[in-house]
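Counting starts at 1 for both ligands and their atoms, in listed order. We use all heavy atoms of the structure for the numbers below, so side chains are in, but hydrogens, waters and symmetry mates are not. Owing to the predicted nature of the structure, the values given are computational and were not obtained by experimental measurement.
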Amino acid sequence: MKRKILMIYTGGTIGMMKKYGSDTLIPFDFNNIFDQIPEINLIDVEIEFFKFKKPIDSSDIDTSDWVELGTVIAENYSDYDGFVVLHGTDTMSYTASMLSFMLQGLQKPVIFTGSQLPIGELRTDAKENLITSLYYASLYQNHRAVITEVCLYFEFKLFRANRTTKFSAEHFDAFISPNYPILGEAGVNLGVFPEYLHKNQQEFNLEPMLDNRVDIFTFFPGKRKDLLDSAVSNPDLKGLILRTFGSGNIPSDDETLWIMRKAKDLGKELVVITQCMRGKVNFGKYQNSLIFREVGVINGQDMTVEAALAKLMWLLGKGLLHAELKQEFEKNMSGELTSK
Ligand code: ASP
């Protein structure tokens, strides 16, 4: 049986070309993709396209694009067996993380991919990424999709999307998944590691509401306290992600502690993650994280900054606050964190 795949093109290097007379890359008309990669015709799948009205560099992606993408997938969900999303690599982990929350109860694969070199370049990585993504998106066994979550495929590796982060601006191997094993590897065979795949119990449902009154604050030695104070005092801010040192540590001076208490009194939602690539937050391991026990913040555990940000926007969008928000945030919903 021929599987039907919807390929959604949002923009990114994969569909860019050099602007005439310059070295700058701009998006090109994607309609001639079959001319660029005639090999696609050899894959035993039926492919249809959906193109964003104006393909963009992913640095221009906004919350409205996430909602549009989620809506396109939801509206076409029953007509297709799988989805491949072509997206710029710069913010791919943000978009794919967000989609992993918006698309609740997925029973079909959604595979994000892109490339480091444009599709028309001789040494492009676009062909392999695109073709193998199509294979993963059409992988079924006993009439059931093997992959039932949002993934990111890049340079022979299949990742859980909400565990990834862009790691290299130059190498073909552009993404890593620092706290979760890869879900598959494409060698001579198309490898999938079933023990790591996410399974959904509930029915598919699009939950597209978002609240972007959030921000990220990065601590570093020498950071001015007034900048932390103005971040938490901003009346438009609902939730703040704190990128802390090591296992969740911050400076222990009176002013910093006072600002943390103030943030809590103002009703701000604080999510603590670590600046370390690997490992997780552990309150109380050092004295410098005890303030978080005292004020009762959300423990972001081993989440990437991209996943934490997406989850915060999404849960705030559902209208959750305070204890209820904390309880939901700390739960593993789409495989984005390692449960205690
Ligand atoms: N600037 C491009 C983008 O993210 C980079 C890429 O696609 O790799 O859209």
Applying salt bridge (charged side-chain N to carboxylate O under 4.0 Å, His left out) as the test, list every pair that has at least one member in residues 240-260; sequence neighbours left out.
K225-D253

Kindly tell me which protein residues have any non-hydrogen atom under 4.0 angstrom away from an atom of ligand 1, grouped by chain and ordered by number?
G12, T13, D57, S58, G88, T89, D90, S115, Q116

Kindly indicate, with the supporting measurements, whether the criterion side-chain contact (heavy atoms from CB on, under 4.5 Å) is fulfilled by K318 and E207.
CA-CA 8 Å; K318 284 159 83 77; E207 296 185 19; 2.4 Å; yes

Does anything in residues 153-167 pair up under salt bridge (charged side-chain N to carboxylate O under 4.0 Å, His left out), and if so which pairs, sequence neighbours excluded?
D90-K166, E149-R160, K157-D173, R163-D302

Check this for me, if you would: do E46 and R3 make a salt bridge, where the nitrogen-to-carboxylate-oxygen distance has to be below 4.0 angstrom?
no

When the ring planes of Y77 and F83 are compared, do they come out parallel, tilted or perpendicular, using 30° and 60° as the limits?
parallel

Does anything in residues 61-80 form a salt bridge (charged side-chain N to carboxylate O under 4.0 Å, His left out)? List the pairs, not counting sequence neighbours.
none

